[in-house]
Every structure is written in structure tokens, then in C-alpha cells.
Amino acid sequence: MFKVIQRSVGPASLSLLTFKVYAAPKKDSPPKNSVKVDELSLYSVPEGQSKYVEEARSQLEESISQLRHYCEPYTTWCQETYSQTKPKMQSLVQWGLDSYDYLQNAPPGFFPRLGVIGFAGLIGLLLARGSKIKKLVYPPGFMGLAASLYYPQQAIVFAQPGNVKNSPGTK
């Protein structure tokens, strides 16, 4: 086994060596006529002009082409929709990241206030049994009432007509 490895390593290692070989004509040999490139069979130039002829499309290529033409309006619609919704999604993601940062560094007393406001919404939902209109009015009303107790300045600005967009805390 050792002899086999030794014999195979020797020739394999010799194949990794590189060296240059310079060839020169012998001084005592008569000069031979050189062969032109056109005379070599490997470099033969074809007779006449060659012309590219496109092969006929196969049935598979035709089917794929028809499918692509059929799907083209849908793909352009998807690309347009994506380009329109991408900025909105990016702003939504940024809003979520900002909200997460705010909740991580919330001011003191924020979470108890948030709990009371949420509990007021649950009370409004429990009192609104039986009517769909009450379910739409009572929970936000009770939550707004509880929020106005904790944040009176913002409630005053919000209650004034025409100042909803300019209220502090909204962007």
C-alpha cells in the first residue's frame, strides 16, 4: 500500500511543476518550407459567404411565448401597484419602528394611562350589547372620554373645529 502511494505521489507532484520550453531549429537541418495558415485543415476558411439562419421555434417555445404575452398585462399591473404601494409601506414600517421606539422609552405613567383608556373601551363594548350602532359609538366614545381626562390640552385642540390635523402628537 505504501509503495502505491509513493509511486502515485511522485508523478502527481511532477505535474504541478511548471517550466518553460524554448524551441530552436537545429543548425545542421535544412530549412523547411513554412505552411500557410490557410493550408492547415484546422484553420480552413469556408468557401463562399456564410449566412445565419434562425431555426424554427419549437412547440414549447411557442407555448412559452404565448403565455408571456398573455401574462404581460398582469405583470405590468403588479409592477405598477408595487411601485405605488412601496412608499406607503415604507412609511408604515417607519411609523411602526417609531412607535416601537416610543413604547420602549415611554414617559413615566404612560402604560397605566393606556390601560385605563383601553379598559374604558372594553366597558363601552360591554355596554353596547344588542345594537351595532352602539358598538360603533360607545367604545370610541368611552376611550375618548378617558383620554381627555389624561390629556386635556390635546382634547381641547382636537375638539376645536378645523384643528384636527394641527393637533400636537399627530403628523
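Below, all heavy atoms of this structure are taken into account, side chains as well, without hydrogens, waters or symmetry copies.
Using a 4.5 Å heavy-atom threshold, the side chains of P107 and Y102 count as touching. The closest side-chain heavy-atom distance from S99 to W95 is below 4.5 Å. Between F142 and L125 the shortest side-chain heavy-atom distance does not fall below 4.5 Å.
For the side-chain contact (heavy atoms from CB on, under 4.5 Å) with Y82, the qualifying choice from K86, Q79, E80 is K86, the only one to do so.
Under the 4.5 Å side-chain heavy-atom criterion for ILVMFWY residues, a single connected hydrophobic cluster contains both Y151 and M143. F119 and L127 fall within a single hydrophobic cluster, where Ile, Leu, Val, Met, Phe, Trp and Tyr side chains are chained together by heavy-atom contacts under 4.5 Å. Both I123 and V137 sit in one connected hydrophobic cluster of ILVMFWY residues. Membership requires side-chain heavy atoms under 4.5 Å apart, directly or through other members. Hydrophobic clustering of Ile, Leu, Val, Met, Phe, Trp and Tyr side chains at less than 4.5 Å, counting indirect connections, keeps L149 apart from I117.
Not a single donor-acceptor pair under 3.5 Å links the side chain of S65 to the backbone N or O of E61. Of the possible polar contacts, one joining the R129 side chain to the L126 backbone as a donor-acceptor pair under 3.5 Å is found.
Of all the heavy atoms in G124 and Y138, the pair that sits closest is O-CB, 3.4 Å. Considering every non-hydrogen atom in both K134 and P139, the closest pair reads O-CD, 3.7 Å. Looking at every heavy atom in both residues, G109 comes nearest to R113 through O-CG, 3.2 Å.
Taken to the nearest 0.5 Å, the CG atom of L114 stands 10.5 Å off from the OH atom of Y150. Here CG of D98 is found 11.0 Å from CG of L103. Values are rounded to the nearest 0.5 Å. Summarising the geometry, atom CZ belonging to R68 is positioned 9.0 Å from atom CD1 belonging to I64; distances are rounded to the nearest 0.5 Å.
Side-chain heavy-atom separations under 4.5 angstrom define the hydrophobic clusters, and the remaining members of the one that includes V93 are L97.
Enclosure of atom CD1 in I133 is not indicated, since only 12 or fewer non-hydrogen atoms of other residues, nucleotides or ligands lie within 6.0 angstrom.
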